[in-house]
Amino acid sequence: MNIELSYLIGPASGLVIGAFTNWLAIKMMFRPHLPKYIFGMKMPFTPGLIPKERGRLAEAVGSSISENLMNREVLEKNLLSEDMLTKIEEGYDTFITKQKVNTESLRTFLGHFLSKDDLNKIQSDVGSELASQIHSRLADSNLGTMLAHAAVEHAISKMENSLLGIAFNVEQFLILLQEPAEHLLSKQINQIISNNSEEIISNLIGQESDKLLDTPVCDLLRGHDVQLTQLRAILLDGYQQVISIHLPKILSTIDISRIIRDRINELDIEEGEKIILAVMDKELRAIVWLGALLGCIIGTVNSLF
C-alpha cells in the first residue's frame with residue numbers, strides 16, 4: 001500500500017505544483033496592481049508585469065497597430081475591395097427597394113434622422129437662400145426690359161390690326177410711342193421685382209417645399225429607376241474617390257499610435273485585466289492545465305526512477 005501511495009504521490013504533487021505555478025504566473029502578469037513595500041523596501045515582482053510595463057506595452061501596441069493594421073495600404077485594400085463595394089451596392093439596393101414601398105411622407109421619413117426643429121430650420125434656411133439667389137439674379141437681369149419690350153410689341157401689334165389702327169393708319173404714331181412706353185414699363189417692372197420678388201418667390205418656394213415634404217417617399221421614387229441607378233454609380237464613385245484621395249490626408253492628421261497609446265494608458269488596470277481574461281480565458285486555462293499535465297508527467301517519471 002505504501003509502495004502504491006509513493007507511485008501516486010509523485011504524479012499528484014507534480015500535477016498540483018504544475019497547475020499552481022502556471023496559475024500563479026498568469027496572476028502575477030496583472031497583480032498586484034500597485035507596488036508593495038515591507039519596511040520601506042519594495043517587494044520584488046510588484047507591481048505585476050503588465051501594470052509595471054504598461055507604458056512600454058502601450059507604445060509597442062500603438063506603433064504596431066499604426067504601422068501594420070491601420071496604415072494606408074491596409075485600409076485602402078479593405079475599404080476598396082470588391083467585397084466591400086459589393087456590400088455597399090447591395091446595401092443601397094436594399095434601402096431603395098424598401099423605400100419604394102414606403103408610404104410615409106418625406107417629412108416623416110426625414111424625422112427619423114432629424115428633429116422637427118432642425119428640419120424646419122433647414123427648410124427655412126434653404127428656402128431663404130434660394131429665394132435670395134433667384135431675387136438677386138432677377139434684379140441683375142434685363143427681365144424688366146425684356147418683359148416691357150414684349151408687352152409693348154404685343155400691344156402695338158394688337159392696335160395696328162384693330163379697326164382703329166386700320167382706319168386711321170396709326171403705325172407711325174405707335175412707333176414714336178414705343179420707346180418711351182417700353183422705358184416707363186421697364187422701370188415699373190424692375191421696381192416691382194426689386195421690392196416684391198423675394199417675398200413672392202419665398203412664399204412659392206415655401207408652398208412647394210411643403211408639398212414636397214408631404215409627398216409619400218414611394219411617390220417621389222416612382223418612375224425614376226434610371227436616375228436611381230445613376231445615383232448608385234455616383235455614390236460608389238464618390239466613395240472610391242474619398243478613400244483614394246482623402247484617406248491619406250485624414251490619416252496624416254490623425255496620430256493613430258498616440259491615440260491607442262493614450263487609451264491604453266488611461267485604461268484602468270483592473271478593467272484591462274478583465275478584458276484580457278475575457279478574450280483569452282480558454283487559452284489561459286489551457287496553460288494552467290498544460291502545467292498540470294507536465295507536472296504530472298514529471299512526477300510520474302520521478303516516481304518510476
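By convention here, the first residue in the shown sequence is residue 1.
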Which is it for Tyr92 and Leu236 under the side chain to side chain contact (heavy atoms under 4.5 Å, CB included) test, yes or no, and what are the steps along the way?
CA-CA 10 Å; Tyr92 174 84; Leu236 275 174; over 6 Å; no
Minimum heavy-atom distance between [X] and [Y], given as atom pair plus value:
X	Y	value
Gly55	Asn265	CA-OD1, 3.7 Å
Val217	Phe109	CG2-CB, 3.8 Å
Leu114	Ile122	CD1-CD1, 3.9 Å
Ser63	Ser257	N-OG, 3.5 Å
Ser244	Leu80	OG-CD1, 3.6 Å
Leu221	Lys100	CD1-N, 4.0 Å

So, [X] and [Y], do they make that salt bridge, N to O below 4.0 Å?
X	Y	answer
Lys211	Glu208	yes
Asp255	Arg261	no
Asp117	Lys121	no
Lys87	Glu90	no

Cluster link [X] to [Y], ILVMFWY, side chain under 4.5 Å:
X	Y	value
Val16	Leu290	no
Ile298	Trp289	no
Ile88	Leu75	yes
Met84	Ile243	yes
Val101	Leu220	no

Side-chain contact, heavy-atom cut-off 4.5 Å: [X] with [Y]?
X	Y	value
Trp23	Ile287	no
Leu293	Ile297	yes
Ser105	Thr215	no
Tyr239	Leu79	yes
Leu110	Leu213	yes
Leu228	Arg232	no

Would you say the side-chain atoms of [X] and [Y] include a donor-acceptor pair closer than 3.5 Å?
X	Y	value
Gln240	Asp237	no
Ser81	Asn78	no
Thr94	Thr97	no
His112	Glu104	yes

Using the side chain to side chain contact (heavy atoms under 4.5 Å, CB included) rule, take Glu89 and Leu235 through it: C-alpha gap first, then chi angles, then the decisive distance, then the call.
CA-CA 9 Å; Glu89 284 187 337; Leu235 290 175; over 6 Å; no
Roughly how far, to the nearest 0.5 Å, is [atom2] of [Y] from [atom1] of [X]?
X	Y	atom1	atom2	value
Leu294	Asn22	CG	CG	8.0 Å
Leu106	Gln99	CG	CD	10.0 Å
Cys296	Ile17	SG	CD1	11.5 Å
Gln227	Thr229	CD	OG1	9.0 Å
Lys36	Ile38	NZ	CD1	10.5 Å
Leu24	Met29	CG	CE	12.5 Å

Steps toward side chain to side chain contact (heavy atoms under 4.5 Å, CB included) verdict (Lys98, Asn102):
CA-CA 7 Å; Lys98 184 178 178 182; Asn102 185 1; 6.0 Å; no
Can Asp118 and Ser115 be said to form a side-chain hydrogen bond (donor to acceptor under 3.5 Å, both in side chains), step by step?
CA-CA 5 Å; Asp118 288 339; Ser115 68; 3.0 Å; yes
Test Leu212 against Arg107 for side chain to side chain contact (heavy atoms under 4.5 Å, CB included), laying out the working first.
CA-CA 8 Å; Leu212 177 66; Arg107 190 190 304 275; over 6 Å; no
